[in-house]
Protein chains: 2
Amino acid sequence: MSDRPHVTLEDVARSAEVSLATASRALNGTTRVRDDLRERVLSAAAELAYTPNAHAQALAGGSRRTVGVICHDISDPYFAAITRGVMRVADSHGLLVMLAGTFADPDRELACVSTLRAQRASAILLTGSAFEDRAWERRMAAELEPYRRGGGRVAVVTRHRSLKADTVAPDNRGGARALVEAMHGLGHRRFAVVTGPTRLTTVADRVAGFREGLAGLGIELSERDVFAGSFDRDGGYEATKALLAAKHKATCVLTASDVMAVGAVSALGAAGLSVPEDVSVTGFDDVPLVRDFGLTTVGLPLERIGAEALELALDDAGGGGARGRVRRVSGEVLLRGSTAKPRRRRRG
Amino acid sequence: MSDRPHVTLEDVARSAEVSLATASRALNGTTRVRDDLRERVLSAAAELAYTPNAHAQALAGGSRRTVGVICHDISDPYFAAITRGVMRVADSHGLLVMLAGTFADPDRELACVSTLRAQRASAILLTGSAFEDRAWERRMAAELEPYRRGGGRVAVVTRHRSLKADTVAPDNRGGARALVEAMHGLGHRRFAVVTGPTRLTTVADRVAGFREGLAGLGIELSERDVFAGSFDRDGGYEATKALLAAKHKATCVLTASDVMAVGAVSALGAAGLSVPEDVSVTGFDDVPLVRDFGLTTVGLPLERIGAEALELALDDAGGGGARGRVRRVSGEVLLRGSTAKPRRRRRG
DNA sequence: CTGTTAGCGCATTCAT
DNA sequence: ATGAATGCGCTAACAG
């Protein structure tokens with residue numbers, strides 16, 4: 001029982017009466033070690049409750065046992081689900097996940113990359129939507145480039161024309177289109193969109209999909225049909241309040257995410273309107289618990305998306321050279337109780 | 001543009017034509033450095049996109065810029081909310097969060113501590129419930145003890161008589177009792193409990209609270225009134241199916257968490273029963289989105305709990321010596337639409 | 001198969 | 001105020 005702050009490999013070696021190298025080898029199993037020696041080392045290590053210093057290991061050129069995940073907000077079930085997928089495969093590779101939250105602040109996102117770079121994460125996953133901002137993209141690319149040169153892998157979810165990183169790309173646009181068509185099929189003709197800030201590519205893509213789908217059906221979405229808030233539950237609530245205040249006559253409210261949809265439904269309820277009797281509401285993502293409340297939405301395999309992002313980043317087949325592989329993931333329209341045929345128009 | 005894998009401080013120093021020490025000092029601002037030199041260093045660093053190697057820094061005895069959070073499953077909104085709180089304060093301290101998921105496996109939890117120990121996290125937060133298992137507790141204590149001796153801080157949420165770590169303790173028992181009393185006040189007399197595995201202390205405490213509250217009202221909860229499943233949405237669903245299959249005549253189903261309650265409500269719905277008309281259902285936690293669906297529950301300030309756990313761990317006032325401070329957090333009964341007065345008994 | 005030794009990149013003494 | 005030198009704990013050559 002030394003009084004030193006940490007038990008080191010040297011302590012173990014001394015206690016087992018072997019050399020440092022032997023102790024290291026015994027512990028790592030990299031080279032054969034005489035059985036009795038290995039036993040001695042192992043039991044000495046256990047005895048002393050030895051834990052290798054991961055920093056020293058990393059520095060000595062050994063492992064890189066961490067991956068970084070950057071998301072906007074882990075309490076958003078979208079990111080939670082993706083992160084869960086990441087953690088599953090990280091776990092199976094013996095990797096530890098370092099989680100950074102940006103709260104959708106572009107500068108923070110840049111800073112997170114820098115931090116993860118400092119930690120020599122073996123991979124960095126950008127799971128949050130990109131920002132539609134040329135200058136930002138450039139700075140991000142500049143931050144990522146040296147990271148890669150140092151052997152770091154990068155994968156992104158949903159983004160980034162210019163980033164040419166391995167990408168898992170949910171088909172937001174196509175899903176949105178299909179959803180709109182389904183709603184049209186139900187008989188809806190008057191739509192409104194409740195959305196987050198369109199500088200987020202995810203949001204922009206979904207809204208673009210709504211607009212395209214509608215246009216294809218001969219319905220134009222004007223600016224006055226779009227209500228934007230923050231990209232979360234409260235944003236959905238506020239945007240819907242604005243929609244109500246504007247006395248919008250939509251029979252179907254398309255929201256940019258399940259989370260926003262929850263806010264939308266609440267706002268509608270608070271105004272005495274019921275879903276879907278008075279108005280239909282759709283979400284996007286099909287996040288776990290919200291699913292139980294019967295929201296019509298576009299289902300995305302979130303957990304798998306996270307898992308694939310890490311797999312892609314870790315997979316060397318791309319060759320450390322030719323990166324920029326894109327894995328497309330399509331969404332599936334899930335019709336549930338939050339949507340119904342519109343009532344006949346009230347007056348004429 | 002060297003071709004070396006990483007730009008090091010030495011590269012910066014050389015490029016700025018100063019010594020390594022000066023470069024280090026200029027970057028860290030620890031000692032005064034002549035202004036022009038500092039400028040040169042800074043711009044050289046920027047030029048080369050230098051990022052300090054956190055491992056080297058940590059090894060050299062500098063920083064400890066990470067904290068470890070161990071939870072059962074980040075996609076559970078309970079943990080997501082707590083983790084969000086942790087991340088907020090971590091962020092404000094310039095710390096990076098390393099997230100480990102155990103999926104409620106005691107052995108994995110032990111392994112996670114070991115990993116985090118290896119990473120020399122400045123603090124380890126055990127946010128998941130403890131396991132009611134003497135041997136496990138002992139092993140956990142044995143793992144934590146050397147970590148602390150090395151200067152590591154430990155804080156836990158909800159647990160551990162024997163661990164004597166700084167603790168943030170939600171009053172699960174009291175909240176459960178109060179909830180039961182409120183339901184009794186509504187007129188309910190026949191209760192059932194839908195719960196997770198009672199080897200989790202959180203679950204055990206809540207069920208104990210239900211039982212105590214009921215006992216205080218002269219109602220006994222027998223084993224046949226308790227239906228256990230996994231501590232998640234599906235567990236709630238399955239346990240409720242079992243309850244239904246057993247033709248339990250409860251007018252009020254008390255579940256061990258909001259997440260389980262969601263499963264319970266779904267199972268009830270699938271069986272053609274509506275909430276609260278046919279049966280009342282309660283949750284526990286008041287997690288964000290579920291909140292919007294009007295579940296009666298016991299509200300816990302999850303995010304604050306996470307934040308306090310980290311603050312406690314980081315706060316040295318305890319003195320590196322006398323640890324084991326306990327911050328109690330009480331819950332608040334929130335009556336919402338998932339509960340109502342029971343209907344008059346069907347027959348007699 | 002084992003022991004000795006040289007760094008990994010940095011912060012920090014210690015001398016200037 | 002600056003520079004040279006030491007060591008953090010470990011792995012991976014390198015010799016024996």
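Just so it is clear, the model here is predicted, and its values are computed rather than measured.
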A:R40 CZ - C:dT2 P separation (whole Å): 10 Å
Whether B:Q57 contacts C:dC10 is assessed here as follows: a side-chain N or O lying under 4.0 Å from the phosphate OP1 or OP2. Is that the case? no
Could B:R139 and B:E143 be called an ion pair, given the rule that one side-chain N must be under 4.0 Å from one carboxylate O? no
Side-chain N or O of A:T22 closer than 4.0 Å to phosphate OP1/OP2 of C:dG3: yes
Whichever of A:Y50 and B:D35 has its nearest DNA chain D nucleotide further upstream toward 5': B:D35
Spacing between A:H55 atom NE2 and D:dT11 atom P, to the nearest angstrom: 14 Å
Give a yes or no on whether the ring-centroid distance for A:H72 and A:F103 is below 6.0 angstrom. no
Among C:dC10, D:dG3, C:dG3, the nucleotide that comes nearest once only the side chain of B:L9 is considered: C:dC10
Counting only side-chain heavy atoms from C-beta out, which of C:dT12, D:dC10, C:dT4 sits nearest to A:S19? C:dT4
In terms of side-chain heavy atoms of A:V33, which of C:dC10, C:dT2, C:dC8 is nearest? C:dT2
Does A:L37 reach a base, just sugar-phosphate, or nothing at all? Heavy atoms under 4.0 Å. sugar-phosphate
Of the nucleotides C:dT2, D:dG3, C:dG9, which has the atom closest to the A:R25 side chain? C:dT2
Rounded off to whole Å, could you give me the CZ-to-P distance for the A:R14 and C:dG3 pair? 14 Å
Can you tell whether the side chains of B:E137 and B:R134 come within less than 4.0 Å, N to carboxylate O? yes
I want to verify a distance call: between C:dC10, D:dC10, D:dG3, whose nearest atom is closest to the B:V18 side chain? D:dG3
For the side chain of A:A21, starting at C-beta, report the closest nucleotide among C:dA11, C:dG3, C:dT12. C:dG3
Rounded to whole angstroms, how far apart are CG on B:L59 and P on C:dC8? 13 Å
Does B:S24 reach a base, just sugar-phosphate, or nothing at all? Heavy atoms under 4.0 Å. base
For B:N28 and C:dA11, is the shortest distance between a side-chain N/O and OP1 or OP2 below 4.0 Å? yes
Given C:dA11, D:dA1, D:dG3, the nucleotide with the shortest approach to the side chain of B:R32: D:dA1
Spacing of A:R120 atom CZ relative to D:dC10 atom P, expressed in whole Å: 20 Å
Parallel, tilted or perpendicular: ring planes of A:W136 versus A:F131, cut at 30 and 60 degrees: perpendicular
Flag the pair A:D133 and A:R199 as a salt bridge only when some basic side-chain nitrogen lies within less than 4.0 angstrom of an acidic carboxylate oxygen. no
Starting at CZ of A:R38 and ending at C1' of C:dT2, how long is that distance when rounded to a whole Å? 15 Å
State plainly whether the residues B:R108 and A:D91 are in salt-bridge range, i.e. N to O under 4.0 Å. yes
Integer-rounded Å distance: C:dG9 C1' and B:L48 CG: 15 Å
Using whole Å, report how far CD of B:E10 lies from P of C:dA11. 13 Å
Taking only the side-chain heavy atoms of A:R34 (C-beta and beyond), determine which of C:dG3, C:dC1, C:dC10 contains the nearest atom. C:dC1
